[in-house]
Structures are given as C-alpha cells and as structure tokens.
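Since the structure comes first, as structure tokens, the remarks are kept for the end.
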Amino acid sequence: MIYLDNAATSFPKPPSVIRAVSDCLRLSCGNPGRGSHALSRAAAETVFSCRERAATLFDLSDPSRVVFTAGATASINTVLKGILRPGDHVLISDLEHNSVFRPLSRLAASGQISFDLFPTRFPPCQNADSAILSSLEGLIRPNTRLIFCTHASNIAPIRLPIRSIGAFCRKRGILFGVDAAQSGGHYPISMKQDRIDYLCLPAHKGLRGIPGAGLLLFGERPDLPLPETLTEGGSGYASFDPGMPSELPERFEAGTLPVPAIAGLSAGLEWVLQNGQEAIASAIEERVRRLGELLSGIPRLRIFLPEAEGLILLFSIDGIPSEAAAGELDRRGFCVRGGFHCAPLAHRALGTPEGGAVRVSPSELLTDAEAEAFAKGVRETVRLLRGD
Amino acid sequence: MTEYNEYSIFALIGSMTQAMRAERALACAGLRSEVVKATPSEYRRGCAYGILFSSAEERIAAEILRNARVRFRFFRRGGSG
C-alpha cells in the first residue's frame, strides 16, 4: 500500500509518537489537574510540556494560551460560536472547509450574523496577495468583526498571505482567526508576527499526532476577547463556582483531557521542531512536484494549478467521477481521496468538474519508485475507466 | 515527595496549568518546588493548586512569580523541621 492521503491524516506516524502514546497508556495516563497523586502529576506534566512545545512552535510566550480541544473543527466552532454576537459580519475566504462554512451558515440562517466570501483566485497578471487585500478592503463593513481564513487549502497548493491579512485586520480593529489544519507543522506560523488572534489546528495532520486532540491558540494582546464557552463542566479548579474559571486554558477545557492523544501530539511537536518545518515542507513539495511531472503527460488528465508549489496535487480525469478513479487506485494499492474533501467552496473556486477531483497528498517518505508506481497506476486507471 | 528541612511556603496559584507555570518559572531560576493541592483552609472555593517551596526562598520566589505574571498568595505550612 502506498499512502497518499496525508491531508486527511498523516501516516505513518513517527516512531516517537507511537512510543509516546503507548508509554502514556502504560505508565502515566492519570487524569491531569484532578488529583495530587503521582499518576495525575505525570499526566499534568505531559499536558503542560505539550502546551510549551506548541507555544514554541507557534511563537507564543505564554503556554497557558494553548488550549486543547477535540480537534480543529471543535477549535473553529469555539471561536465562531463563542466570539460572534448578533449583528456581526464575518469575512471568510472562498477556499474554506466546511468546518468554517457550516457553523457560519448555521449562525447566518438563524439571523444572528452575516458573512461574505473573499476571493483568492485571480488572473496570473495580478499579484494575488495584493488582490486579496484589495478585495478585503472592498468587502469590510462597519460591523465586520472577524476575518477567518485557512492558511493552506485542503484541496490544492494554495496558501493565503496570513501575515498581510493579519496586519490588515490589526490596523482596522478586526479580529483575525486562522484555520491551520493543513499548514500546521509544515509552514511557519507566528502568532505574534502574523497577528493571529485565534489559531485552530488538529493534532493528527502535520503535527503528526493522533486523532482525538486539537489546539486552539489565543493571541497575546491584552484586549483580545475570549469566546463564550460552548461546554461547561469539571475543570479541577474552583469547584464550588457555578461557572467555568476565567483563566486560560482551563476555561475551555471542561472534562477530562485526551491525555494519550496529547502525549502523541507533544511527541509530534517535538518531531516537527527537531526536523524543521521548512525542511519538512520542502521535502513534501519536492515529491508533489515529482508526481506532477510524472502525471503531466497522461492524456485526459487535468492537474489543477500545476505550476504552484504546495503539499497537495489535485487532478481530474475527463468524464470520470473522482470517486471512481480513487476507488480504482485503491484497488491498485494507492490511498488517495476523491470527491469534494468537505470543501465545496474551494471546489467551486477552482472550477473542478461535477464529479469532484482526486487529491494526492504524499508525505516526505514517498520514494521515487513509489511515485513512478503511482503514475503507472494512474495511467492504467485512466485507460481502464475511459476505455480508450 | 520533596522533604524540606524547615517550614515551607505554599503559594496558592489556582489551576494546575498556572501552578505548573509557576513551578517552571522557579525551576528556570534554579529553585526547587513542587505542585500540590491547596487545603480547604487555603482555598475555600473547591479544588486549587499551588507550589510548595522552602521558606528560605520566599522573597526571591515572590519576585520570580511576579515577573512571570503568575498570581499567587503565600501561606506558611509546617515542615519537618
């Protein structure tokens, strides 16, 4: 089997991550912040170390601004539903995942807020980053409270200029949230320099952890509004108070934390810090480039944004639904994802066909021989399904 | 469990995370402490955490915690000495 679906979840996990999860389950899986015995203290140490590593990777001074959630989707929901007030207006990009689009659509359908999409695709003669900022300038309203966007698309090699957007927001007093589900662990993100107020990430993609945990990082400016809580419950602190504590991170961590997943995330963060994000991204980009070269000559196959550098290759085959192509490739031992990747906005923006497109997202471990075998498999799949 | 020769200072902090921040801040300055739970007489709103350290380091610890922006309140606890 050749795994090419790292945009869904990274695989295989680094041995240090597997070891950390296993060691946690065997040796230190107490309930952190709920007791004072050795196992609880060991779990608390695991959890706090993970906060410190996340703060280091994403350039936060205070690890208590690192909140654990159930995943990036939970982080995004916490921000959108907890921050927005009746009458607020929001701008999101036209590449957003349903984890952003659906919560906002629900809030908008109930009449609480309104939102608009800002375009990210422009003719090649235009500087895309400047064009995005011009679009934002034209779309903001007096009641625009939040701009929320993905850092890197989950379907194509597109990255948004978050540093410029962050500066744009800060200058205008607009809150700025970033979905870094695809970029976290690959491309550098600085909460401070990118002026990010809310950063949302999963543990199990570029940060190399396992599913079950996510991160919500809060920026450090003193006037930053914190969301209302979506979940209340035990926090191991101030038990007689009827409300959640006001302090971060416990305010947003009701209930028992997924300590094994956090142990894995901590090891994954350490792996990323040791290997270097730029080196990791560069190695994956090189493999995507090689896959692009190998697939580019195949008749009736269209690669979207073939010239762009990124972690993902997206293609479609004329007249063939993407799921049929992905299914045939699966039978040949290749794990890729067809369909719409929970990102209908992005598919619309890119103009993919009615049958969706096939997403190929290798890891840095893909060998040249594996890339060639995949290209051969795609060539044969096209021939088989097209009947040419 | 750390044993202190003299009586100790308990710094009531609040949550486990803030208590660990406090412990790390002291450790960075070479001061040994440990995270422990507050007693009901030290904190009346339910569970809370803080750090325990030698009373000989009371003044320097207070300075370190203030610099680290950790909110605290000191209590004296009887030690083995």
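Convention: sequence-line order gives letters A, B, ...; per-chain numbering from 1.
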I'd like to know if the side chain of B/Tyr49 and the backbone of A/Gly35 have a donor-acceptor N/O pair within less than 3.5 Å.
yes
Give the C-alpha distance, both sets of side-chain angles, the deciding distance and a yes or no for side chain to side chain contact (heavy atoms under 4.5 Å, CB included) between B/Tyr43 and A/Phe240.
CA-CA 11 Å; B/Tyr43 188 71; A/Phe240 295 157; over 6 Å; no
Ordered numerically, the heavy-atom neighbours of chain A under 4.5 Å found in residues 60-68 of chain B are none
salt_bridge(B/Arg24, A/Glu45) N-O dist < 4.0 Å
yes
A/Asp62/B/Arg69 salt bridge by N-O under 4.0 Å criterion:
no
Let's test your reading of the structure: which of B/Arg71, B/Lys37, B/Arg21, B/Arg45 forms the most heavy-atom pairs below 4.5 Å with chain A?
B/Arg45
So, B/Ser15 versus A/Glu247: side-chain donor-acceptor pair below 3.5 Å or not?
no
Close side-chain approach of B/Val36 to A/Ser36, heavy-atom, < 4.5 Å
no
Partners of A/Arg19 by side chain to side chain contact (heavy atoms under 4.5 Å, CB included), sequence neighbours excluded?
A/Pro15, A/Ser16, A/Asp23
What heavy-atom pair brings A/Gly236 and B/Cys47 nearest, and what distance separates the two atoms?
O-CB, 3.5 Å
Heavy-atom count around A/Glu220 CD within 6.0 Å, excluding the residue itself: above 12?
yes
If you draw a 6.0 Å radius around CZ in A/Arg26, do more than 12 non-hydrogen atoms from other residues or ligands fall strictly inside?
yes
Return the [atom1] to [atom2] distance between [X] and [Y], rounded to the nearest 0.5 Å.
X       : Y        : atom1 : atom2 : result
B/Met20 : A/Ser64  : CE    : OG    : 12.5 Å
B/Met16 : A/Arg41  : CE    : CZ    : 8.5 Å
B/Gln18 : A/Glu250 : CD    : CD    : 7.0 Å

